[in-house]
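Okay, so here's the structure we're looking at.
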Protein chains: 2
Amino acid sequence: MRKDSRLSRMLHVLIHMDHLDGPATSEKMATMLSTNPVVVRRTMAHLRDQGYVASVKGHGGGWTLAVPLSNITLLDIHQALGDSSVFTIGLTDEHTNCPIEIAVNLAIRDAMEQAEALLLERFKQVTLDKLTAGFADFQAEHHEPSPVE
Amino acid sequence: MRKDSRLSRMLHVLIHMDHLDGPATSEKMATMLSTNPVVVRRTMAHLRDQGYVASVKGHGGGWTLAVPLSNITLLDIHQALGDSSVFTIGLTDEHTNCPIEIAVNLAIRDAMEQAEALLLERFKQVTLDKLTAGFADFQAEHHEPSPVE
DNA sequence: AATACATGTAACTTTAAAAGTTTCATGTAT
DNA sequence: ATACATGAAACTTTTAAAGTTACATGTATT
């Protein structure tokens, strides 16, 4: 089953973006993520729709953070990507009238809902600025002026 | 992403098997699950390998429970199916040397491990006999003698 | 105005793992 | 001998993310 690595990728680039002065192009982000610019634009579009980043077309354009990292949680990004089911485990036909099947699905669903609630709660507790808080290097480089172009 | 419905399906048939006198054939189980006998045998093979069910070839053969439902938990079956990752969320290249990517993956992995631990703990607390404990009907029918063939 | 650059988007193909299918070998009561 | 049932190999199908190709749209720069 193919894994959804969008959350991991987006968090990665968002933090890098915070270390840049100018906008980041899809091309550069794609190189950073070992992927394609179209995949980057497609995924970043979700974050733009929720107001976390902004995009500018044309020469000198690209993507910039619209909100400080301290105001963005893992949950925010997870939900911005469209909170599809986080589990590979699925239930069988939910329109069944077999009491056994209903009882089985109820038990599995209950456990999954509790686990998902915990996952989202953990995601909610972490803002993006905290992820690299342990790395003094990154905090020092943070917003350091540098020549562009 | 295609969901893994094996756990749901196997729990369903295991409980039905407990209500039967003779062995259940892959054919009958497939009909019950709206699928194919080969899919049933392939999945049931995992449970047989772990000793939860037994299979008998030839005329009058089929599948039978090898352990009482009260001795089987959801976790047992989940693990018997091969405890692959329960999340659709994946991490990016784990062999990276980018500190940001490492920090991001660490945070996501940490949350997922906690959530998975809770899921498995919930699975562990439920034995299969408890799933239909609320249905007096099923308990009454339980092991009732009935003519076969 | 022409050009180079960058996003926006449509319309595909590829990928991975469960699920589904076909076919036949093997084993076992009657 | 026969009918029945599992075991297993060797496929195809399914699903959504990922990857790709191609082009339209918009915007600084010269």
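Order of the sequence lines sets the chain letters (A, B, ...), proteins ahead of strands, with each chain counted from 1.
Residue pairs meeting the salt bridge (charged side-chain N to carboxylate O under 4.0 Å, His left out) criterion with at least one member in residues 101-110 of chain A, sequence neighbours excluded, are A/E94-A/R109. The ring pair (Phe, Tyr, Trp, His ring centres under 6.0 Å) pairs that include a residue from residues 99-126 of chain A are A/H78-A/F123, where partners are two or more places apart or lie in different chains. Among pairs with a residue in residues 60-76 of chain A, those fulfilling side-chain hydrogen bond (donor to acceptor under 3.5 Å, both in side chains) read A/S26-A/W63, A/T73-A/D76, at least two apart in sequence or across chains.
Linking ILVMFWY residues whenever their side-chain heavy atoms come closer than 4.5 Å, directly or via other members, leaves B/V39 and B/M32 in distinct clusters. No chain of hydrophobic side-chain contacts below 4.5 Å, direct or via other Ile, Leu, Val, Met, Phe, Trp or Tyr residues, connects A/V38 to A/L33.
Regarding A/M29, its CE atom lies at a distance of 13 Å from the P atom of C/dA6, rounded to whole Å. In this structure, the NZ atom of A/K28 is 15 Å from the C1' atom of C/dT7, given to the nearest Å. Atom-to-atom, CZ of B/R48 to P of D/dA5 comes out at 17 Å; the value is rounded to the nearest Å. In this structure, A/I89 atom CD1 and C/dA18 atom P are separated by 12 Å, rounded to whole Å. Between A/H46 atom NE2 and C/dT9 atom P there is a gap of 11 Å when expressed in whole angstrom units. In this structure, CG of A/D4 is placed 13 Å from C1' of D/dT15, rounded to the nearest angstrom. Nucleotide C/dA18 holds its C1' atom 14 Å from the NZ atom of A/K3, rounded to whole Å. Rounded to an integer number of Å, the gap from CE of B/M44 to C1' of D/dA8 is 17 Å.
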Polar-atom pairs under 3.5 Å, protein N or O versus N or O of nucleotides 21-25 of chain C: list them with distances, or write none.
| unit_1 | atom_1 | unit_2 | atom_2 | d |
| --- | --- | --- | --- | --- |
| C/dT21 | O4 | B/R42 | NH2 | 2.8 |

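Comparing B/E27 and A/V56, the nucleotide of DNA chain D nearest to each residue sits closer to the 5' end for B/E27.
When distances run from any side-chain atom of B/H59 to the nucleotides D/dA8, D/dC4, C/dG8, the shortest one goes to D/dC4. Side-chain proximity of B/R9 to the nucleotides C/dT9, C/dA19, D/dG19 is greatest for C/dA19.
Between B/S5 and C/dA18 there is no side-chain N or O to OP1 or OP2 distance below 4.0 Å. For D/dT6, the OP1/OP2 oxygens have a side-chain nitrogen or oxygen of B/S26 closer than 4.0 Å. For C/dG8, the OP1/OP2 oxygens have a side-chain nitrogen or oxygen of A/S55 closer than 4.0 Å. When the side-chain nitrogen and oxygen atoms of B/T25 are compared with OP1 and OP2 of D/dA5, none of them lie within a distance under 4.0 Å.
B/A24 comes within contact range of the sugar-phosphate backbone alone, with a heavy-atom separation under 4.0 Å but no base atom that close. B/G58 comes within 4.0 angstrom of a base, heavy atoms only.
Listed by chain and residue number, B/Q125 satisfy the side chain to side chain donor-acceptor pair (under 3.5 Å) test with B/E121 (two or more places apart in sequence, or in another chain).
Counting Ile, Leu, Val, Met, Phe, Trp and Tyr side chains that sit under 4.5 Å apart, directly or through other members, B/L118 shares a hydrophobic cluster with A/L118.
A 3.5 Å limit on both hydrogen-bonding distances identifies C/dT13 as the Watson-Crick or G-U partner of D/dA18.
In this structure, A/M10 CE and A/H12 NE2 are separated by 10.0 Å, a value rounded to the nearest 0.5 Å.
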